[in-house]
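Below is one structure, written out as structure tokens; the observations come after it.
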Amino acid sequence: MDVDEFMAFYETRSDGEHWELIEGAAVLMTPASLAQRRIAHNLCDHLHSTFTARRLDLFAYINVCVRSPGVRNFQPQPDVVVIPGIVGYDLYSERFQLIAEIFSPANTRKEIDLKLRRYREAPDNLYAVVIEPREFLVEIYARSRNWQLMALTIADDSIDMPEFGLRCRVADLYWGTPLNPGRGRFV
């Protein structure tokens, strides 16, 4: 299936269904848990604060479809996507600088690895991030490090993304979840 066939298929589906096109196959995704959604919002909050402070023309979106130029069999909907500049009325973006996927019980490692390969191939992308919501585990793949994995597993490990000016702790992404219930914001 290519992206045009996928979009025609998608229009026939029920509202509320979350479908992705991965290597030519339409894949029904399970709904995100509240913890997954909280982690996505926490990441977006940190990114937006950084973008505002540095006056960067970037915005972090939740659940926006992406495509890679020239790739016709891939249209996922990552949990967080950073898109530069003014956006139009499209349902997807081919320009993105960060992708974050938050594991769900339905995700397989093979599926995530397929997505990571495509995200690394995208010409404007700087980061691919994979987050495990049930334990402190943040995988960061950065173009500046030749896409080598950096796995952060300790609450106080630092997440550094110098291209954006982002610096926070792993625990900050988990604020408001069972792993970091906290008493105040960004404990």
Side-chain angles (χ1 to χ4, degrees), residues 1-13 15-29 32 36-37 39-41 43-48 50-52 54-104 106-131 138-150 159 161-166:
M1 186 180 286
D2 71 13
V3 291
D4 295 326
E5 293 166 324
F6 174 73
M7 292 306 290
F9 161 80
Y10 188 76
E11 289 177 10
T12 68
R13 304 309 306 166
D15 286 342
E17 288 184 349
H18 177 169
W19 289 87
E20 296 186 358
L21 179 64
I22 303 178
E23 299 301 315
V27 178
L28 178 61
M29 307 305 286
Q36 288 170 276
R37 292 170 195 249
I39 291 167
H41 279 281
L43 177 56
C44 285
D45 287 349
H46 279 284
L47 289 165
H48 288 146
T50 300
F51 299 159
T52 300
R54 295 194 59 185
R55 294 189 168 99
L56 298 176
D57 189 15
L58 300 169
F59 195 83
Y61 295 86
I62 293 178
N63 295 327
V64 172
C65 294
V66 297
R67 292 183 183 172
S68 290
V71 178
R72 304 274 310 149
N73 67 349
F74 186 68
Q75 182 177 302
Q77 190 176 355
D79 296 291
V80 176
V81 180
V82 171
I83 299 174
I86 303 298
V87 297
Y89 299 100
D90 295 316
L91 300 176
Y92 63 88
S93 178
E94 288 188 349
R95 294 183 58 227
F96 52 89
Q97 295 186 349
L98 177 144
I99 294 287
E101 292 275 359
I102 302 169
F103 266 113
S104 71
N107 291 128
T108 66
R109 187 69 223 193
K110 180 180 177 184
E111 183 180 280
I112 291 291
D113 288 343
L114 284 170
K115 290 180 178 183
L116 285 172
R117 180 174 59 89
R118 292 293 187 195
Y119 296 153
R120 290 188 298 253
E121 294 171 352
D124 298 318
N125 193 23
L126 301 173
Y127 292 97
V129 179
V130 179
I131 302 169
V138 178
E139 298 177 2
I140 300 175
Y141 302 84
R143 180 180 298 276
S144 64
R145 291 192 312 273
N146 202 28
W147 300 111
Q148 294 300 308
L149 167 64
M150 178 190 305
I159 297 172
M161 296 182 182
E163 294 87 345
F164 302 140
L166 177 69

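We use all heavy atoms of the structure for the numbers below, so side chains are in, but hydrogens, waters and symmetry mates are not. Heads up: numbering here begins at 1 and tracks the sequence. Given the structure is predicted, the values throughout are model-derived calculations rather than measurements.
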* In chain order, what residues pass the side chain to side chain contact (heavy atoms under 4.5 Å, CB included) check against T108, with sequence neighbours excluded? -> K110, E111
* To do: Could I get the full list of side chain to side chain contact (heavy atoms under 4.5 Å, CB included) partners for E17, not counting sequence neighbours?
  => R13, S14, W19, L28
Do side-chain atoms of [X] reach the backbone of [Y] as a donor and acceptor pair under 3.5 angstrom?
X	Y	answer
N107	S104	yes
R145	I140	yes
E20	Q77	yes

* Sequence-distant partners of F96, ring-ring contact (aromatic ring centres under 6.0 Å, His included), two or more places apart -> none
* To do: Name all residues meeting the ring-ring contact (aromatic ring centres under 6.0 Å, His included) criterion together with F59; count only those two or more places apart in sequence or in a different chain, and write none if there are none.
  => H48, Y61
Nearest-0.5 Å distance, [atom1] of residue [X] to [atom2] of residue [Y]:
X	Y	atom1	atom2	value
N146	Y141	CG	OH	13.5 Å
F51	D57	CZ	CG	10.5 Å
L116	W147	CG	CH2	9.5 Å
N73	F6	CG	CZ	11.5 Å
L43	I131	CG	CD1	5.5 Å
R120	S68	CZ	OG	12.0 Å

* Asked: Which atoms form the tightest heavy-atom contact between A100 and P78, and what is the distance?
  -> O-CB, 3.7 Å
* Structure fact -> On a heavy-atom basis, the closest approach of R37 and A32 is NE-O, 3.1 Å
Side-chain touch [X]/[Y], heavy atoms, less than 4.5 angstrom:
X	Y	value
V80	I99	no
I62	H41	yes
I83	Q97	no
L98	M161	yes
Q36	F103	no
V82	L47	yes

* Any pair with a residue in residues 68-96 that passes salt bridge (Lys or Arg N to Asp or Glu O under 4.0 Å), sequence neighbours left out, goes on the list, sorted by first then second residue, please. => D2-R72, D4-R72, R95-D124
* **Worked check of side-chain contact (heavy atoms from CB on, under 4.5 Å) between E139 and V129** => CA-CA 6 Å; E139 298 177 2; V129 179; over 6 Å; no
* Asked: Are the charged groups of R117 and D113 less than 4.0 angstrom apart, N to O?
  -> no
* **Check against salt bridge (charged side-chain N to carboxylate O under 4.0 Å, His left out), E163 and R143** => CA-CA 11 Å; E163 294 87 345; R143 180 180 298 276; over 6 Å; no
* To do: Scan residues 70-95 for pairs that pass ring-ring contact (aromatic ring centres under 6.0 Å, His included), counting only residues two or more places apart or in two chains.
  => F74-Y119
